[in-house]
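Notes follow the structure.
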Amino acid sequence: MYLLGEQPAYADKLISRLQAMPATLLAGLEPSGEPLVIEESADLGQALPGNQLFLIEQGLVNGLIDGRPLFYMQEGDLLGLRQGVELPSCRFSSDEPVTLIPYARAAVFKHIYADEERQELFVQYLVGHTALLSSALAQLKQVDVNPATGFQSFATGEELIQQ
């Protein structure tokens, strides 16, 4: 996963580590089918079954949160983890053909949880992505100063004095 815009200094090293993790997590697990090649798509979620996870073998996938581009995923990234929880709207799209290797979702989690090292690696993978997205949020969020000096704030056009 790569964030759009300026990235913190630690991001490149972390991103390289994160991209190597899915291959290690999936080592020894057979794909659930032949690689899928999906041409340009405005919404990959419509084209992909929900009971599978996908290792991106080739291509670039854009991640949009509430319609705004925030990150992209490429070779080595794991697609399809966001499911089952009420989360902000996230849409995945691609402007070019993407090759995805499918894995049965239940088999992936069973494979990960069967080994303590894979469990720890999976936690590191999730925490790493959380750190990247948190950093992106911190860069987008405007500093909000709320002085505790007794001043009141009023909206533009709000009536301040009545006669």
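All values below were derived from every heavy atom in this structure, side-chain atoms included, with hydrogens, water molecules and symmetry-related copies excluded. Counting begins at 1 with the first residue of the sequence.
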Quick one: [atom1] on [X] to [atom2] on [Y], what's the gap to the nearest 0.5 Å?
| X | Y | atom1 | atom2 | answer |
| --- | --- | --- | --- | --- |
| L25 | E117 | CG | CD | 11.5 Å |
| E39 | E96 | CD | CD | 10.5 Å |
| S41 | L48 | OG | CG | 7.5 Å |
| D43 | R91 | CG | CZ | 6.0 Å |
| M73 | I56 | CE | CD1 | 4.5 Å |
| E57 | T99 | CD | OG1 | 6.0 Å |

request  = Kindly determine whether L53 and L26 satisfy side chain to side chain contact (heavy atoms under 4.5 Å, CB included), including the steps that lead there.
outcome  = CA-CA 11 Å; L53 296 177; L26 299 171; over 6 Å; no
Is the side chain of [X] donor-acceptor paired with the backbone N or O of [Y] at a distance under 3.5 Å, no angle test?
| X | Y | value |
| --- | --- | --- |
| Q19 | D77 | no |
| Y125 | L78 | yes |
| E75 | G59 | yes |

Within-4.5 Å side-chain heavy-atom neighbours: F54 and P22 =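 With C-beta onward as the side chain, the pair stays apart.
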ask   = Do N62 and P69 come within less than 4.5 Å of each other through their side chains, counting heavy atoms only?
value = no
query = Within a reach of under 6.0 Å around CD of Q58, are more than 12 heavy atoms found that belong to other residues, nucleotides or ligands?
reply = no
